[in-house]
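Please read the structure below before turning to the comments.
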Amino acid sequence: MTSRMAAAALCAVLAGCAQNYPQNAQEFRQMLPGAFMGKVQTLEAKRPLREVARTFEARAPECLNVSVRTISQTSTSYQNILTTYKATVVATAQKAELHLQREYKGGGVIVPGKVPPGGLYMLVADATPIDKGRTRIDIYSPSMGVDVIIRAISGWATGENLGCPDMTKAS
Amino acid sequence: MGDRRKPGLPRHDQGIVSRHAALLLAICLAAGCSSIKTYQARGPDNVFVSSAISKMRGAVHVHDVDADCRTAYAGTVQLDRPEIALSLPPERPSYLVFSFEGSSLFSGSTSMSVGTLVKPRPGYRYELAVTYRDSIYNVALRESDPRRASSRELPRRGLQDCKGL
């Protein structure tokens with residue numbers, strides 16, 4: 001729950017209290033580095049960009065286009081929230097981008113601002129070539145609650161683990 | 001399991017359920033009102049599921065799929081051994097839903113599921129490698145022909161791919 005609050009805090013900070021959420025991946029990249037609870041991390045994969053891009057294209061839709069239903073109940077409250085994730089991969093000869101968006105339905109979740117189609121941006125991963133056999137991955141994300149997603153993306157990039165993240169562990 | 005759905009039914013959904021809800025479910029199961037039943041063999045074993053699951057309980061829920069891609073729950077097998085064998089009807093699609101359930105003090109009970117269609121060919125052997133470790137899971141399907149000693153990896157297919165199977 002702490003990480004969920006952190007994600008909410010990040011959204012609020014990114015919104016700048018003016019409900020100004022990033023409307024595309026580029027805005028997300030620009031707003032995140034200076035944001036509270038925002039994090040940019042870099043890793044290196046010893047694989048060519050085209051292989052990294054191919055893995056992103058194969059794994060991201062299968063693993064990340066999912067819905068998570070969260071039901072929490074106490075003696076005084078009941079909440080049922082459906083969270084839908086949407087992954088988009090944009091690959092060119094120079095770069096591969098993985099965008100992950102999240103949209104909430106139900107449970108009284110109110111997003112005070114304009115939500116872009118597909119949901120709020122929660123993570124962007126950019127893969128760019130270092131040389132013929134190595135690729136740099138820059139991941140823009142909240143600093144909490146997305147560890148399992150980042151581990152999965154790192155595994156896809158390096159080719160060491162092609163498994164999917166259990167999105168019930170993301171928040 | 002999805003809410004108000006057959007056991008483990010095919011939704012690319014993953015869910016987090018509170019401890020209270022899990023307790024209610026446990027009471028319901030203990031009272032014998034569960035709709036979960038053990039999958040009964042329907043011929044020779046042709047699907048072999050190997051699993052390596054850490055800190056979660058795993059199960060596979062088998063659903064028959066008709067020509068109109070409608071599903072009918074056929075039964076469940078717990079993944080409580082490193083390898084289990086299933087006999088799925090050949091030449092007909094079945095939808096296998098793998099579920100992983102666990103609980104922790106802070107997050108309560110969690111469950112998630114992932115499904116894949118399988119349409120066994122007569123005489124072929126199917127191997128499913130299911131892993132769940134550190135919140136990363138994988139389900140890999142391989143078809144092999146014992147007569148030719150050849151095999152190939154098959155993609156995971158959702159119910160939306162049923163018509164083209």
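Here is how names work: the chains are called A, B, and so on, in the same order as the sequence lines, proteins then strands, and each is numbered from 1.
Side-chain atoms of B:Y126 and B:L88, non-hydrogen and from C-beta on, never get closer than 4.5 Å to each other.
With respect to the salt-bridge test (charged N to carboxylate O, under 4.0 angstrom), the residues A:R59 and A:E62 qualify.
Within the 4.5 angstrom heavy-atom criterion, only side-chain atoms of B:Y132, from C-beta onward, approach chain A. Of the two parts of A:N161, only the side chain, counted from C-beta on, holds a non-hydrogen atom closer than 4.5 Å to a non-hydrogen atom of chain B.
Ranked by heavy-atom pairs shorter than 4.5 Å toward chain B, the options A:C164, A:G155, A:G163, A:A58 are led by A:C164.
Other residues, nucleotides and ligands contribute only 12 or fewer heavy atoms inside 6.0 Å of the CZ atom of B:R133.
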Chi angles and distances behind the side-chain hydrogen bond (donor to acceptor under 3.5 Å, both in side chains) call for B:E143, B:Y124: CA-CA 7 Å; B:E143 178 190 71; B:Y124 282 74; 5.6 Å; no
